[in-house]
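By convention in this document, chain letters (A, B, ...) are assigned in the order of the sequence lines, proteins followed by strands, and residues within each chain are numbered from 1.
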Amino acid sequence: MSYLELSGLQKRYRDAVAVDDVSLSVEKGEAVALLGPSGCGKTTTLRMLAGLVDPDRGAIRLDGAEVTRLPAHKRNMGYVFQSYALFPHLSVARNVGFGLEERRVAKAEIARRVVEALAMVRLSGLDQRRPRELSGGQQQRVALARSLVIRPSVLLLDESLSNLDAKLRDTMRHEIRSIQRSLGITTLFVTHDQVEALTMCDRIAVMHRGRIAQIGSPEDIYERPATRFVAEFVGRANALPATRDAEGRVVLWGERLPVAAPAGGEFDLFVRPQRIRILPISEPVADGMARVTGKVLRSVFVGDHVEVLVEGAAGQIQVELQSGTALPQEGAEVALVWRARDTLPFPRETA
Amino acid sequence: MNGAGRVLSSLAGLVYALILAPIAIVVALAFSADNFILFPPSGYSLRWFRALGAHGPLLSALWLSVQIASVVTVLSLVIGVPAALALAKGRFSGRDALTNFFLAPLLLPTLITGLALLLFFTPLRLTATLPGLVLGHMTVTVPFVIRMMTTAFSTLPDDIEAAAATLGAEPWRVVRRVTLPLVTPGLIACACLCFLLSFDETVISLFLSGPRAATLPVEMVRYVEGRTDPLVAALSVVLIVATLIVVIIVERLVGIARAVGK
């Protein structure tokens, strides 16, 4: 049995189902991201873990013991709120020491551990400040130190980086990841930011409409999305309406691709823009490659890459090229080539 | 300034003048040297303040009112603050109905409350007693405290209390260490207003007062029924000054509490 087990968690609010059926196993020391759009139930799941929301159904087991109905103050889980939720009337040191004071830890040890925790988040010397005297990034560090100093059995982070500017977010991402690793603390992140999920976690659980759509390593999620939703939500992808021929092969823009068509009704092919290469139309195609032809509509320079839009017989395909490579002429007839195994067919959504 | 602005300013000035003019007249009368209420006074003196210092019934009524208002304030906070906390933060069925129920007395004319209390208290021998007056005033102040503190508690972000809970604080420790310190400014303001409400309460007191126990407003009403000298004007000035001092103290305290709090 895993260190942390969520089984069949469900939470309803009057007429809406926030969390429908979430089961998840987390190993000790593992970092797992709950990734999904707003309203997918990821924060509610995290709050149920912390004991801030009572689940309607399901169970939570921590280290073999059931904690489903245990009140928040007995769970020993560190929770970093999106708003940080620092105590405005207490100094930084008292904020960080709060959990230790509640645990009746001796004064001298509290002082020692607070200093230690503040050093870990690189806030030494700010212990007498009030939260409102700190920048957003510093407040975030205080919140992190405050939940780490109690040596929680699980660390829960709720959209913790979303209030920071882009540069600071990058720094904090790496800092939190390295703290998490060095302490070996079991961590659950809630985020809607895929970069955060992909870079900070061992595994990602993509949530959709109150359920886990897919769980796996960042590579799994990115390379082998299990559902159309995951393919659309994580990374960017061309969704190309395709048909099947009499032999069950995929036909796109009038060209047969070496890809088996899925059974059933209408479907789209998902191809990541950076997996597609642009070749001269005369270039022969190797085995196991998919190839269609089209006309270059425009190229846009985006700094680290170039986006090229190609129009074909039945739609457009976006291609992402590394900047520095030769750009195709606008209006040129080109061949688009990608590996057949980078083609992911998903049924068309009827909704 | 444009035309509309000028009209608005003069209108505001007029309203202020109308509100403040009677108070100015009272202040002028308090320093009158006349035997009767006469405006403007023919001369100025401090004789009515001296007369007030020697007036037994009014002074004992003042003392009674201070006692009642103090007890009412303490009891109203003791009852109202936990109720407000439950109504603002608790999750139980019938909460909205209960909130409205507690606020209903604020909508009822005090005339009706006073009459009802009189009918209810008479067989219990509570009229014209300190407990009776305290209970009577509390029918106004407790709903007031509940209303004011419910608002104060509701505006606190839930996450701050949730954070304290995840850090291991039991519910009562969360209230003591986080919730109450954060609403201290509101609490002080609420206590002061509660005191003033009780101190100023006239209608219910009129029903519940008797020869044995009369609050200051009741005694003042009785006084002006029989006499027409400027003594009550002098008393009014004393009350205005006392109120101003309280307001200034509150402003300072609340200001400091805010500075400490946020």
Side-chain angles (χ1 to χ4, degrees), chain A residues 13 43 46-47 49-54 70-91 94-105 117 130-133 139 142-160 163, chain B residues 81 84-86 88-99 149 151-191 250 252-262:
Chain A
Y13 291 107
T43 294
L46 203 68
R47 287 183 165 261
L49 260 169
L52 299 173
V53 169
D54 282 332
L70 206 62
H73 66 272
K74 289 182 181 158
R75 287 203 192 187
N76 197 37
M77 292 195 184
Y79 198 112
V80 179
F81 290 81
Q82 183 172 13
S83 60
Y84 314 142
L86 298 177
F87 307 125
H89 57 302
L90 299 178
S91 66
R94 293 291 305 279
N95 261 280
V96 175
F98 190 96
L100 299 176
E101 287 172 25
E102 288 304 315
R103 283 168 177 70
R104 308 269 151 80
V105 174
R130 300 264 172 198
R132 72 171 159 174
E133 296 167 337
Q139 291 185 23
V142 175
L144 187 64
R146 184 177 68 174
S147 38
L148 284 173
V149 79
I150 59 172
R151 293 174 189 153
S153 40
V154 180
L155 180 64
L156 308 168
L157 295 129
D158 182 10
E159 300 271 5
S160 302
N163 290 341
Chain B
V81 171
L85 189 60
K89 298 285 180 184
R91 268 177 237 126
F92 49 89
S93 59
R95 186 179 71 164
D96 293 346
L98 211 55
T99 307
M149 293 314 293
T151 312
F153 287 129
S154 309
T155 51
L156 279 189
D158 288 335
D159 277 355
I160 293 187
E161 287 156 305
T166 61
L167 290 169
E170 289 168 50
W172 71 272
R173 296 279 301 166
V174 176
V175 170
R176 211 185 79 63
R177 292 200 62 192
V178 177
T179 316
L180 286 181
L182 290 181
V183 297
T184 303
L187 207 59
I188 293 173
C190 184
V250 169
R252 280 285 163 86
L253 278 179
V254 172
I256 289 165
R258 282 246 168 81
V260 172
K262 283 185 184 166

With sequence neighbours excluded, tell me which residues meet side-chain hydrogen bond (donor to acceptor under 3.5 Å, both in side chains) with Arg95(B).
none

Shortest non-hydrogen separation from Ala163(B) to Ala85(A) and the atoms involved
CB-O, 3.8 Å

For Ile160(B) and Pro88(A) the tightest heavy-atom approach is CD1-CD, 3.9 Å

Choice from Glu101(A), Lys74(A), Arg75(A) maximising heavy atom contacts with chain B below 4.5 Å
Glu101(A)

Taking all non-hydrogen atoms of both residues, which atom of His89(A) and which atom of Pro181(B) are closest, and how far apart?
CD2-CB, 3.5 Å

Phe81(A) and Ala162(B): which non-hydrogen atoms are nearest, and at how many Å?
CZ-CB, 3.7 Å

Taking every non-hydrogen atom, the tightest pair across Pro171(B) and His73(A)
CD-CE1, 3.5 Å

Residues of residues 147-159 of chain A with any heavy atom under 4.5 Å of a heavy atom in chain B
Ser147(A), Ile150(A)

Measuring from atom CG of Leu52(A) to atom CG of Asp159(B), what distance do you get when rounded to the nearest 0.5 angstrom?
8.5 Å

Relative to chain B, which segment of Arg103(A) carries a heavy atom at a distance below 4.5 Å: side chain, backbone, both, or neither?
side chain

Contacting moiety of Arg146(A), where chain B heavy atoms sit under 4.5 Å:
both

Any idea which heavy atoms bring Glu170(B) and Glu102(A) closest together, and the distance?
N-OE1, 4.5 Å

Pairwise side-chain contact, Arg177(B) with Phe87(A), heavy-atom cut-off 4.5 Å (strictly under):
no

Pick whichever of Leu167(B), Val178(B), Val174(B), Thr166(B) has the most heavy-atom pairs under 4.5 Å with chain A.
Leu167(B)

